[in-house]
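What follows is one structure encoded as C-alpha coordinates, with my remarks underneath.
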Amino acid sequence: MEFIKGTCPHCKGELQIPQGRETILCMYCGKEITVRDAQTPQETLSRPKPVTEEEAAGALQNLLFGIEDPMQYFKKALYMDFYNKYVYENANNLAMLEQFYLASGDPREAMGRVAEPLVARVESNMSGLRGNKKEQRQMDYNLSMVVYIFPALLETNTQSGQAWIDALAATWKAHFPKTELKAATSKEINAGFKYRFCYITTAVCEYQNKTDDCYELTLLRSFRDNYLLQSAEGEAMVHEYYDVAPSIVKHIGRRADAAQIYQNIWQQYLSPCIRMIENEQREECVDLYRQMVYELKDQYFQEIQ
(Lines give C-alpha, C1' and ligand atoms only; values in the text may rest on other atoms or scores of the structure.)
Protein backbone atom coordinates (compact mmCIF):
# COMPACT_ATOMS: atom_id res chain seq x y z
CA MET A 1 0.00 0.00 0.00
CA GLU A 2 1.30 3.47 -0.91
CA PHE A 3 0.95 6.50 1.33
CA ILE A 4 0.84 10.25 0.84
CA LYS A 5 1.83 12.88 3.37
CA GLY A 6 -0.61 15.26 5.02
CA THR A 7 -1.13 17.42 8.10
CA CYS A 8 -4.04 17.32 10.55
CA PRO A 9 -5.76 20.73 10.43
CA HIS A 10 -6.70 20.42 14.12
CA CYS A 11 -3.58 19.26 15.96
CA LYS A 12 -1.03 19.84 13.15
CA GLY A 13 0.20 16.25 13.44
CA GLU A 14 2.02 14.83 10.40
CA LEU A 15 0.02 12.05 8.75
CA GLN A 16 0.72 9.14 6.43
CA ILE A 17 -2.47 8.73 4.39
CA PRO A 18 -3.29 5.52 2.45
CA GLN A 19 -3.96 6.31 -1.18
CA GLY A 20 -7.56 6.05 -2.28
CA ARG A 21 -9.11 7.28 0.99
CA GLU A 22 -11.47 10.24 1.13
CA THR A 23 -11.57 10.61 4.92
CA ILE A 24 -9.32 9.45 7.77
CA LEU A 25 -9.11 9.70 11.54
CA CYS A 26 -6.12 11.59 12.88
CA MET A 27 -3.96 9.18 14.89
CA TYR A 28 -3.01 11.98 17.29
CA CYS A 29 -6.25 13.78 18.19
CA GLY A 30 -8.83 11.26 16.91
CA LYS A 31 -10.74 13.76 14.78
CA GLU A 32 -12.20 12.80 11.42
CA ILE A 33 -10.77 14.84 8.55
CA THR A 34 -10.98 14.75 4.78
CA VAL A 35 -7.89 13.90 2.80
CA ARG A 36 -8.40 17.16 0.93
CA ASP A 37 -8.17 19.15 4.18
CA ALA A 38 -5.12 17.17 5.23
CA GLN A 39 -3.39 18.25 2.02
CA THR A 40 -4.66 21.83 1.98
CA PRO A 41 -2.12 24.48 3.04
CA GLN A 42 -2.63 25.34 6.71
CA GLU A 43 -3.02 29.07 6.06
CA THR A 44 -6.15 28.28 4.06
CA LEU A 45 -7.55 26.00 6.78
CA SER A 46 -6.93 28.69 9.41
CA ARG A 47 -10.10 30.40 8.22
CA PRO A 48 -12.68 28.17 9.97
CA LYS A 49 -16.22 27.65 8.80
CA PRO A 50 -18.83 29.58 10.83
CA VAL A 51 -20.67 27.60 13.51
CA THR A 52 -23.92 28.94 14.95
CA GLU A 53 -24.58 29.28 18.66
CA GLU A 54 -27.28 26.63 18.37
CA GLU A 55 -24.83 24.18 16.79
CA ALA A 56 -22.20 24.88 19.44
CA ALA A 57 -24.79 24.47 22.20
CA GLY A 58 -25.79 21.13 20.72
CA ALA A 59 -22.16 20.00 20.63
CA LEU A 60 -21.72 20.90 24.31
CA GLN A 61 -24.82 18.93 25.27
CA ASN A 62 -23.63 15.92 23.28
CA LEU A 63 -20.41 15.97 25.30
CA LEU A 64 -22.25 15.80 28.62
CA PHE A 65 -25.42 13.85 28.02
CA GLY A 66 -23.72 11.14 26.01
CA ILE A 67 -22.16 9.89 29.27
CA GLU A 68 -24.68 7.52 30.86
CA ASP A 69 -22.83 6.55 34.04
CA PRO A 70 -19.65 8.58 34.71
CA MET A 71 -18.67 6.44 37.69
CA GLN A 72 -18.77 3.14 35.82
CA TYR A 73 -15.36 3.57 34.22
CA PHE A 74 -13.85 5.97 36.75
CA LYS A 75 -11.43 3.39 38.09
CA LYS A 76 -7.69 3.13 37.74
CA ALA A 77 -7.81 0.12 35.41
CA LEU A 78 -10.56 1.53 33.15
CA TYR A 79 -10.37 5.32 33.07
CA MET A 80 -7.83 6.00 30.32
CA ASP A 81 -9.29 3.49 27.86
CA PHE A 82 -12.79 4.89 28.34
CA TYR A 83 -11.54 8.49 28.16
CA ASN A 84 -9.72 7.87 24.87
CA LYS A 85 -12.84 6.23 23.46
CA TYR A 86 -14.89 9.21 24.64
CA VAL A 87 -12.59 11.68 22.87
CA TYR A 88 -12.63 9.59 19.69
CA GLU A 89 -16.43 9.38 19.62
CA ASN A 90 -16.79 13.13 20.29
CA ALA A 91 -14.20 14.33 17.79
CA ASN A 92 -16.81 16.15 15.70
CA ASN A 93 -18.37 17.86 18.74
CA LEU A 94 -14.97 19.04 19.96
CA ALA A 95 -14.02 20.26 16.49
CA MET A 96 -17.26 22.22 16.23
CA LEU A 97 -16.53 24.02 19.51
CA GLU A 98 -13.04 24.91 18.30
CA GLN A 99 -14.46 26.22 15.02
CA PHE A 100 -17.06 28.30 16.85
CA TYR A 101 -14.32 29.94 18.88
CA LEU A 102 -12.03 30.59 15.93
CA ALA A 103 -14.78 31.94 13.68
CA SER A 104 -16.08 34.39 16.30
CA GLY A 105 -14.57 37.84 16.45
CA ASP A 106 -15.13 38.13 20.21
CA PRO A 107 -16.24 34.67 21.40
CA ARG A 108 -16.11 35.10 25.19
CA GLU A 109 -19.62 36.52 25.66
CA ALA A 110 -21.04 34.14 23.04
CA MET A 111 -19.51 31.15 24.82
CA GLY A 112 -21.39 32.09 27.99
CA ARG A 113 -24.63 32.14 26.03
CA VAL A 114 -23.82 28.75 24.50
CA ALA A 115 -23.18 27.27 27.96
CA GLU A 116 -26.57 28.38 29.33
CA PRO A 117 -28.74 25.74 27.56
CA LEU A 118 -26.45 23.00 28.86
CA VAL A 119 -26.84 24.09 32.47
CA ALA A 120 -30.57 24.71 31.99
CA ARG A 121 -30.98 21.11 30.83
CA VAL A 122 -29.00 19.87 33.85
CA GLU A 123 -31.33 21.83 36.15
CA SER A 124 -34.36 20.47 34.33
CA ASN A 125 -33.12 16.89 34.71
CA MET A 126 -32.72 17.39 38.46
CA SER A 127 -35.94 19.34 39.03
CA GLY A 128 -37.99 16.30 40.07
CA LEU A 129 -35.35 14.88 42.39
CA ARG A 130 -35.04 15.43 46.12
CA GLY A 131 -32.50 14.79 48.86
CA ASN A 132 -29.79 12.23 48.22
CA LYS A 133 -31.03 11.40 44.72
CA LYS A 134 -30.61 15.02 43.68
CA GLU A 135 -27.17 15.23 45.30
CA GLN A 136 -26.08 12.03 43.56
CA ARG A 137 -27.24 13.29 40.16
CA GLN A 138 -25.39 16.55 40.77
CA MET A 139 -22.26 14.60 41.71
CA ASP A 140 -22.51 12.58 38.47
CA TYR A 141 -22.79 15.73 36.37
CA ASN A 142 -19.90 17.38 38.23
CA LEU A 143 -17.77 14.27 37.70
CA SER A 144 -18.57 14.16 33.99
CA MET A 145 -17.51 17.77 33.59
CA VAL A 146 -14.24 17.41 35.50
CA VAL A 147 -12.92 14.02 34.38
CA TYR A 148 -14.22 13.79 30.80
CA ILE A 149 -15.29 17.12 29.30
CA PHE A 150 -12.64 19.45 30.73
CA PRO A 151 -9.69 17.16 29.88
CA ALA A 152 -11.04 16.62 26.35
CA LEU A 153 -11.32 20.37 25.82
CA LEU A 154 -7.84 20.98 27.21
CA GLU A 155 -6.14 18.27 25.20
CA THR A 156 -7.84 18.51 21.80
CA ASN A 157 -8.97 22.13 21.36
CA THR A 158 -5.59 23.79 21.26
CA GLN A 159 -6.80 27.40 21.05
CA SER A 160 -10.24 27.36 22.64
CA GLY A 161 -10.00 24.63 25.31
CA GLN A 162 -9.24 26.80 28.32
CA ALA A 163 -11.68 29.48 27.18
CA TRP A 164 -14.50 26.92 26.98
CA ILE A 165 -13.61 25.61 30.43
CA ASP A 166 -13.67 29.13 31.88
CA ALA A 167 -17.09 29.81 30.33
CA LEU A 168 -18.54 26.49 31.48
CA ALA A 169 -17.15 26.77 35.02
CA ALA A 170 -18.48 30.32 35.43
CA THR A 171 -21.95 29.38 34.15
CA TRP A 172 -21.99 26.23 36.31
CA LYS A 173 -20.98 28.24 39.38
CA ALA A 174 -23.72 30.82 38.74
CA HIS A 175 -26.39 28.10 38.75
CA PHE A 176 -24.81 25.79 41.35
CA PRO A 177 -22.99 28.10 43.80
CA LYS A 178 -21.79 25.26 46.05
CA THR A 179 -19.80 23.58 43.28
CA GLU A 180 -16.22 24.39 42.30
CA LEU A 181 -15.23 22.74 39.03
CA LYS A 182 -11.49 22.61 38.40
CA ALA A 183 -9.73 21.56 35.21
CA ALA A 184 -7.03 18.91 34.85
CA THR A 185 -5.64 16.80 32.05
CA SER A 186 -6.48 13.11 31.69
CA LYS A 187 -2.91 12.23 32.72
CA GLU A 188 -3.22 14.27 35.91
CA ILE A 189 -6.55 12.64 36.69
CA ASN A 190 -5.20 9.18 35.99
CA ALA A 191 -2.26 9.89 38.30
CA GLY A 192 -4.78 11.05 40.89
CA PHE A 193 -5.95 7.48 41.42
CA LYS A 194 -2.67 7.03 43.25
CA TYR A 195 -1.67 10.43 44.54
CA ARG A 196 -4.24 13.19 44.30
CA PHE A 197 -7.81 12.39 45.23
CA CYS A 198 -8.96 11.65 48.75
CA TYR A 199 -12.51 10.49 48.12
CA ILE A 200 -13.95 9.41 51.46
CA THR A 201 -12.21 12.08 53.52
CA THR A 202 -13.29 14.76 51.04
CA ALA A 203 -16.89 13.52 51.09
CA VAL A 204 -16.93 13.58 54.89
CA CYS A 205 -15.50 17.10 55.00
CA GLU A 206 -17.97 18.34 52.39
CA TYR A 207 -20.85 17.15 54.58
CA GLN A 208 -19.30 19.20 57.38
CA ASN A 209 -19.00 22.26 55.10
CA LYS A 210 -15.20 22.15 55.20
CA THR A 211 -13.27 23.48 52.21
CA ASP A 212 -10.97 21.39 50.02
CA ASP A 213 -7.92 23.10 51.53
CA CYS A 214 -9.09 22.87 55.15
CA TYR A 215 -6.66 21.91 57.90
CA GLU A 216 -7.94 18.35 58.25
CA LEU A 217 -7.73 17.44 54.56
CA THR A 218 -4.32 19.07 54.20
CA LEU A 219 -2.97 17.18 57.21
CA LEU A 220 -4.32 13.80 56.08
CA ARG A 221 -3.04 14.25 52.52
CA SER A 222 0.37 15.20 53.83
CA PHE A 223 0.38 12.05 55.98
CA ARG A 224 -0.57 9.96 52.96
CA ASP A 225 2.10 11.48 50.69
CA ASN A 226 4.95 11.91 53.16
CA TYR A 227 4.50 8.81 55.31
CA LEU A 228 2.23 6.12 53.85
CA LEU A 229 3.59 6.35 50.32
CA GLN A 230 7.16 6.13 51.56
CA SER A 231 6.90 2.39 52.30
CA ALA A 232 5.88 -0.54 50.10
CA GLU A 233 3.21 -1.64 52.56
CA GLY A 234 1.77 1.85 52.87
CA GLU A 235 1.78 2.36 49.12
CA ALA A 236 -0.05 -0.93 48.58
CA MET A 237 -2.68 0.12 51.13
CA VAL A 238 -3.15 3.50 49.44
CA HIS A 239 -3.50 1.86 46.03
CA GLU A 240 -6.16 -0.50 47.37
CA TYR A 241 -8.00 2.45 48.87
CA TYR A 242 -8.12 4.28 45.53
CA ASP A 243 -9.45 1.17 43.81
CA VAL A 244 -12.48 0.92 46.09
CA ALA A 245 -13.07 4.43 47.50
CA PRO A 246 -15.00 5.94 44.52
CA SER A 247 -17.52 3.08 44.64
CA ILE A 248 -17.84 3.37 48.42
CA VAL A 249 -18.63 7.10 48.16
CA LYS A 250 -21.15 6.49 45.39
CA HIS A 251 -23.05 3.84 47.33
CA ILE A 252 -23.05 5.84 50.57
CA GLY A 253 -24.33 8.86 48.63
CA ARG A 254 -27.38 6.89 47.50
CA ARG A 255 -28.45 6.08 51.05
CA ALA A 256 -30.98 8.15 52.97
CA ASP A 257 -28.70 8.11 56.03
CA ALA A 258 -25.59 9.26 54.17
CA ALA A 259 -25.04 12.25 56.48
CA GLN A 260 -25.09 10.01 59.56
CA ILE A 261 -22.72 7.51 57.94
CA TYR A 262 -20.21 10.24 57.16
CA GLN A 263 -20.51 11.61 60.67
CA ASN A 264 -19.75 8.14 62.05
CA ILE A 265 -16.72 7.83 59.75
CA TRP A 266 -15.47 11.16 61.06
CA GLN A 267 -15.91 10.23 64.70
CA GLN A 268 -14.68 6.63 64.44
CA TYR A 269 -11.75 7.00 62.04
CA LEU A 270 -10.78 10.42 60.74
CA SER A 271 -10.89 12.56 63.86
CA PRO A 272 -8.84 9.99 65.88
CA CYS A 273 -6.38 9.70 62.95
CA ILE A 274 -5.87 13.45 62.98
CA ARG A 275 -5.12 13.44 66.71
CA MET A 276 -2.66 10.55 66.23
CA ILE A 277 -0.83 12.40 63.46
CA GLU A 278 -0.64 15.53 65.59
CA ASN A 279 0.83 13.44 68.43
CA GLU A 280 3.26 11.70 66.04
CA GLN A 281 1.55 8.33 66.61
CA ARG A 282 2.03 7.41 62.98
CA GLU A 283 1.86 3.63 63.22
CA GLU A 284 -1.32 3.84 65.29
CA CYS A 285 -2.81 6.02 62.57
CA VAL A 286 -1.77 3.50 59.90
CA ASP A 287 -3.54 0.72 61.80
CA LEU A 288 -6.72 2.79 62.09
CA TYR A 289 -6.49 3.82 58.43
CA ARG A 290 -6.22 0.16 57.43
CA GLN A 291 -9.21 -0.71 59.62
CA MET A 292 -11.25 2.05 57.99
CA VAL A 293 -10.49 0.83 54.47
CA TYR A 294 -11.33 -2.79 55.21
CA GLU A 295 -14.49 -2.12 57.24
CA LEU A 296 -15.92 0.38 54.76
CA LYS A 297 -15.11 -2.01 51.94
CA ASP A 298 -17.01 -4.81 53.71
CA GLN A 299 -20.02 -2.56 54.38
CA TYR A 300 -20.39 -0.41 51.28
CA PHE A 301 -18.17 -1.53 48.41
CA GLN A 302 -19.89 -3.07 45.40
CA GLU A 303 -17.84 -3.98 42.38
CA ILE A 304 -18.96 -2.05 39.32
CA GLN A 305 -19.45 -4.44 36.45
Side-chain angles (χ1 to χ4, degrees), residues 71 74-80 132 135-136 139 142-143 146-147 178-182 184 187-304:
M71 281 295 296
F74 191 51
K75 300 179 68 178
K76 183 175 63 176
L78 303 175
Y79 170 68
M80 284 305 299
N132 289 333
E135 291 179 3
Q136 183 62 46
M139 184 183 300
N142 291 349
L143 185 69
V146 171
V147 305
K178 293 183 179 180
T179 62
E180 193 71 42
L181 303 184
K182 297 181 180 180
K187 290 182 180 179
E188 290 171 333
I189 292 169
N190 194 49
F193 285 107
K194 293 182 180 179
Y195 305 118
R196 187 172 180 180
F197 299 109
C198 198
Y199 300 96
I200 296 173
T201 308
T202 300
V204 171
C205 288
E206 285 179 350
Y207 266 82
Q208 296 184 339
N209 295 317
K210 297 180 185 292
T211 62
D212 187 66
D213 59 352
C214 67
Y215 169 77
E216 294 87 350
L217 277 171
T218 301
L219 181 69
L220 289 166
R221 286 167 178 159
S222 176
F223 176 73
R224 174 199 62 193
D225 295 340
N226 299 315
Y227 187 76
L228 278 177
L229 287 173
Q230 302 311 308
S231 70
E233 180 184 7
E235 185 175 7
M237 190 179 358
V238 171
H239 289 181
E240 180 179 3
Y241 171 83
Y242 285 113
D243 279 339
V244 302
S247 184
I248 290 172
V249 168
K250 179 174 182 178
H251 290 293
I252 292 176
R254 289 175 172 174
R255 294 174 60 110
D257 59 344
Q260 185 59 53
I261 293 172
Y262 284 132
Q263 182 62 26
N264 292 341
I265 293 172
W266 173 261
Q267 292 177 349
Q268 186 174 352
Y269 303 112
L270 299 182
S271 183
C273 257
I274 289 169
R275 292 196 299 271
M276 291 172 184
I277 295 170
E278 291 172 333
N279 293 326
E280 298 187 359
Q281 297 173 302
R282 296 182 180 88
E283 284 305 312
E284 290 85 347
C285 181
V286 171
D287 290 339
L288 188 56
Y289 181 99
R290 182 185 295 107
Q291 180 183 344
M292 180 188 78
V293 173
Y294 291 154
E295 291 187 358
L296 292 181
K297 181 179 178 180
D298 287 341
Q299 292 180 63
Y300 303 111
F301 177 73
Q302 296 181 26
E303 185 69 35
I304 300 178

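We count residues from 1, following the sequence as given.
For Y227 against E283, the heavy-atom pair with the smallest separation is OH-OE2, 2.5 Å.
With a 4.5 Å cut-off on side-chain heavy atoms, K210 and Y215 do not count as touching. E216 places none of its side-chain heavy atoms less than 4.5 Å from the side chain of Q208. You'll find the side chain of Y269 stays beyond 4.5 Å of the side chain of V293, heavy atoms only.
Atoms CH2 and OH, from W266 and Y207 in turn, are 16.0 Å apart once rounded to the nearest 0.5 Å. To the nearest 0.5 Å, atoms CG (L288) and CD (E295) are separated by 9.0 Å. Once rounded to the nearest 0.5 Å, the distance linking CD1 of I252 with CD of Q299 reads 8.5 Å. Here L217 contributes atom CG and T201 contributes atom OG1; the two are 6.5 Å apart, rounded to the nearest 0.5 Å. Going from atom CD of Q291 over to atom CG of L296 covers 9.5 Å, rounded to the nearest 0.5 Å. Taking CZ from R275 and CG from L270, the interatomic distance works out to 11.0 Å, rounded to the nearest 0.5 Å.
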### Task
Show your working on side chain to side chain contact (heavy atoms under 4.5 Å, CB included) between E278 and M276 and close with a plain yes or no.
CA-CA 5 Å; E278 291 172 333; M276 291 172 184; over 6 Å; no
### Query
Hey, mind stepping through Y262 and V249 against side chain to side chain contact (heavy atoms under 4.5 Å, CB included) and telling me if it holds?
CA-CA 10 Å; Y262 284 132; V249 168; 3.7 Å; yes
